[in-house]
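Chain naming here is simple, since letters A, B, ... match the order of the sequence lines and numbering starts at 1 in each.
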Amino acid sequence: MSTINEKLLKPYDAKATENRIYKLWEESEFFNPDVCIEKGVTKADAESFSIVLPPPNVTGNLHTGHALMLVIQDIMIRYARMQGKKTLWVPGTDHAAIATQSKVEKLLEKEGIRKNDIGREEFLKRVEKFAQDSHDTIVNQAKKMGASLDWSREAFTLDEKRNLAVRTAFTQMYKDELIYRGNRMVNWDPKGQTVISDDEIIYEERKGKFYTFKYGPFEIGTARPETKFGDKYVVMHPDDKRYASWKHGDKIKLEWINGPIEATIIKDPMIDMGFGTGVMTITPWHSHEDFALAEKYKLDKEQIIDKFGKLLPIAAEFVGMKITDAREKIVEKLKEKELLVSVDENYVNRIATAERSGGIIEPQIMLQWFIDVNKKIPTRENKSLKDLMLEPVRDEKIKIIPNHFEKVYFNWIENLHDWCISRQIWYGHRIPVWYKDKEIYSGIEAPKGAGWTQDEDTLDTWFSSGLWTFSTLGWPEKTKDLETYHPTSVLETGHDILFFWIARMILMSQYLIGEIPFKNVYLHGMVRTADGKKMSKSLGDKAIDPLDIIAKYGNDALRMAMVVGNTPGNDLKLNENDIRGYGKFTNKVWNASRFVLEQTKDLDIKNLPKLDEEDALSERELVDLLKEVSKEMEEFRFSLVAEKLYHYFWHTFADVIIERSKKKIIESELQNGNADSAKALIYTQLTTLLRALHPFIPFVTEEIWSMMPDTNNLLMVEKWPS
RNA sequence: GCGCGGUUAGCUCAGUUGGUAGAGCAACCCGUUUACACCGGGAAGGUCGUAGGUUCGAGUCCUACACCGCGCACCA
């Protein structure tokens with residue numbers, strides 16, 4: 001005969017319980033599927049279920065967005081583990097090249113240190129120290145959030161093993177001529193002093209001036225007079241009647257910024273006849289579209305602006321000036337020369353800025369490394385990387401939830417250009433290419449012999465992230481993990497990195513190992529504050545810290561608030577009131593359990609009494625609910641499941657079944673009868689509900705489970721009651 | 001300009017193949033009934049953005065429009 005645990009006599013204390021429970025889980029080592037098999041809680045031949053954690057950047061703390069992803073993934077993982085699957089959730093962190101480097105640069109600036117003063121080696125030491133500290137914070141926070149990650153398999157995108165994976169991947173792509181080095185138009189960030197990819201650009205609308213100048217017999221418009229020095233091609237539409245007297249290739253002489261020049265007429269249908277005067281001049285070195293036109297007609301390309309955003313000698317008297325300073329002066333000069341026609345002060349321009357540094361992008365032609373996304377690959381049935389990215393989603397081998405993001409994905413692939421992968425920053429994977437005179441060598445290891453120097457550049461951080469699903473499992477080695485857990489079951493992440501990351505993972509996995517990286521993609525929305533603001537870094541101290549919330553209301557409460565009412569793809573407004581409400585729910589579970597445990601002390605649980613008609617009906621209702629809810633779990637409808645279980649526990653189990661049992665128990669005492677059926681029902685329903693609720697509120701359910709008579713194992717490895 | 005999503009009770013949001021609308025919170029009334037006042041009982045609250053259409057029947061399917069949010073492209 002057991003006695004009631006004293007802890008149950010007080011309200012549930014999440015704070016005092018949660019750390020202790022997490023330690024219990026960690027010490028059990030059940031987060032590691034190998035241990036689960038060893039200890040007999042998982043069958044060796046069980047189906048496997050795996051998720052790789054989207055590695056948080058080592059740039060600081062975990063925020064509510066991370067909390068959300070940890071909660072959703074932990075629910076999936078705990079559910080799978082309780083289903084008896086071989087369940088693996090791989091943790092890791094991301095070196096996040098540019099993001100981390102610029103963060104450390106800013107910190108050093110505060111101390112008055114510039115990275116060039118201390119040199120590459122010393123700077124990298126500082127970055128690594130910072131990254132290590134961030135890593136430790138992140139791991140600690142993830143544990144506080146209850147994440148059942150297998151820490152024995154932790155990975156870092158820039159550790160030795162992942163570096164080998166990167167070198168291997170690069171070398172193979174180089175051999176297949178998918179990686180090439182070339183002079184092409186790239187997005188140069190003068191502030192960050194590096195190239196960035198199309199996806200790292202943020203467009204901002206800014207009000208600026210739009211100038212119209214006389215250009216020989218024409219009038220041309222521009223928002224950027226400082227790029228116009230080298231303009232010696234004037235372009236118009238072949239069907240434009242206003243300019244019918246000029247023919248393609250005609251030369252005209254005219255007076256321009258620094259004196260008389262000769263310009264060539266180009267007729268091309270890319271011109272919008274309705275915009276401005278229907279005539280423009282081009283600057284092939286500093287504009288994507290102009291570059292394309294110059295390539296088409298084999299026109300000269302001249303660099304006007306250097307990589308620091310200053311004018312080159314072609315600008316004559318303006319040489320060395322910053323473009324922003326030069327602009328007004330150039331306009332002034334043109335005005336004096338009576339070439340200025342008009343200025344529109346209300347012109348709204350879309351400015352390309354670098355996501356990390358905030359610098360204004362200056363398109364430049366530069367020698368960089370690229371991945372060719374259109375080249376047909378003989379070893380992959382002559383498909384291109386684009387095809388390899390497109391096909392598995394189109395053929396539904398990869399399912400995206402919610403599925404309307406598939407259209408967004410296809411649209412992105414259709415517009416995809418070659419991916420620029422070299423970066424002029426220090427922190428990251430060094431490009432595995434060596435030069436010696438005119439020789440170029442790419443390999444996993446440095447070439448033998450003297451005189452070789454390695455490329456100074458590092459790789460785009462998404463290159464290593466793209467390998468994540470299999471580099472974490474041991475690739476390029478043929479490991480057992482790789483065989484067992486790849487393709488992974490689900491990739492769960494925010495929809496904002498669909499292109500950055502998901503597309504790149506599909507590309508890398510399809511090309512390098514010939515299989516999809518994951519079967520399902522579950523995209524969650526952004527976490528917002530109660531008044532709908534983005535819970536981003538810009539909010540600073542006003543953003544909710546998930547750890548504060550946990551300290552106040554408990555992890556289980558936060559988890560429920562993040563799941564109920566949150567459907568894939570939609571933003572979540574995190575409201576403290578809701579969290580408080582779910583805190584009450586954990587207490588409700590706690591108190592109901594107390595009642596059940598008190599009333600069933602003398603129940604023979606190994607030989608439960610038969611249920612009467614009424615109670616049997618209730619039991620069938622729960623069985624039906626679980627059937628329904630299990631199906632919804634398979635469909636990733638966690639919000640519905642959490643809500644239904646919540647509702648059943650509170651308003652059927654507690655309000656109806658327990659209340660009914662009280663009457664029966666009192667009656668039986670008065671009439672000297674028995675309430676065996678009622679007691680059996682509340683006992684079995686409680687054990688069932690604790691199991692079903694565990695993936696959602698793991699802490700309080702595990703704590704109660706430990707007080708149940710006749711429970712040997714942790715609840716986390718018990719069976720889900722389907 | 002092209003595309004995607006949203007518009008449902010005061011607020012936040014569910015609503016699976018079309019079958020006369022749901023939850024949580026808030027507000028209202030009643031109740032200190034021995035698991036829990038971090039509680040229980042009760043009542044109230046919506047012509048599901050607008051206008052058409054398909055259907056025996058539409059929040060759900062189709063068309064158009066409006067407003068909000070987002071993505072992509074162009075902007076000489």
Within the 6.0 Å centroid threshold, strictly below: A/Tyr646 and A/Phe696 | no
Show the distances under 3.5 angstrom between N or O atoms of the protein and N or O atoms of nucleotides 5-7 of chain B.
none

Short N-O contact, A/Glu226 and A/Arg327, less than 4.0 angstrom | yes
Expected rows: protein N/O vs nucleotides 15-18 of chain B N/O, under 3.5 Å:
from  : atom 1 : to       : atom 2 : distance (Å)
B/U16 : O4'    : A/Arg637 : NH2    : 3.3

Rounded distance in Å - [atom1] ([X]) to [atom2] ([N]):
| X | N | atom1 | atom2 | result |
| --- | --- | --- | --- | --- |
| A/Tyr582 | B/C38 | OH | P | 19 Å |
| A/Leu686 | B/C36 | CG | P | 16 Å |
| A/Lys663 | B/A35 | NZ | C1' | 16 Å |
| A/Arg594 | B/U34 | CZ | C1' | 11 Å |
| A/Ile579 | B/G24 | CD1 | P | 18 Å |

Do A/Lys15 and A/Tyr553 meet the cation-pi criteria used here (NZ or CZ under 6.0 Å from the six-membered ring centre, within 45° of the axis)?
-> no
Side chains of A/Trp412 and A/Asp199, donor plus acceptor under 3.5 Å | yes
Return the nearest nucleotide to the side chain of [X]; candidates are [options].
| X | options | result |
| --- | --- | --- |
| A/Ala592 | B/C75, B/C38, B/A35 | B/A35 |
| A/His651 | B/C39, B/G24, B/C75 | B/G24 |
| A/Lys573 | B/U12, B/C25, B/C38 | B/U12 |

Quick check: does any side chain N or O of A/Ser287 sit under 3.5 Å from a backbone N or O of A/Thr283, one acting as donor and the other as acceptor?
-> no
In whole Å, what separates the P atom of B/G41 from that of B/G46?
-> 24 Å
Dot-bracket, RNA chain B: Watson-Crick or G-U, under 3.5 angstrom, [ ] crossing, | other strand?
-> (((((((..((((.....[..))))..((((.......))))......(((((..]....))))))))))))....
Mark yes or no for a side-chain to base donor-acceptor pair under 3.5 Å between A/Lys588 and B/C36, with no hydrogen or angle criteria applied.
-> yes
By salt bridge (Lys or Arg N to Asp or Glu O under 4.0 Å), which residues pair with A/Glu262, not counting sequence neighbours?
-> A/Lys253
Atom pairs, N/O to N/O, protein against nucleotides 67-74 of chain B, distance under 3.5 Å?
from  : atom 1 : to       : atom 2 : distance (Å)
B/C74 : OP1    : A/Glu289 : OE2    : 3.0
B/C74 : N4     : A/Arg350 : NE     : 2.6
B/C74 : N4     : A/Arg350 : NH2    : 3.2

What residue pairs, at least two apart or across chains, pass side chain to side chain donor-acceptor pair (under 3.5 Å) with a residue in residues 629-639 of chain A?
-> A/Tyr79-A/Glu634, A/Gln83-A/Glu634, A/Ser630-A/Trp720, A/Glu632-A/Lys644
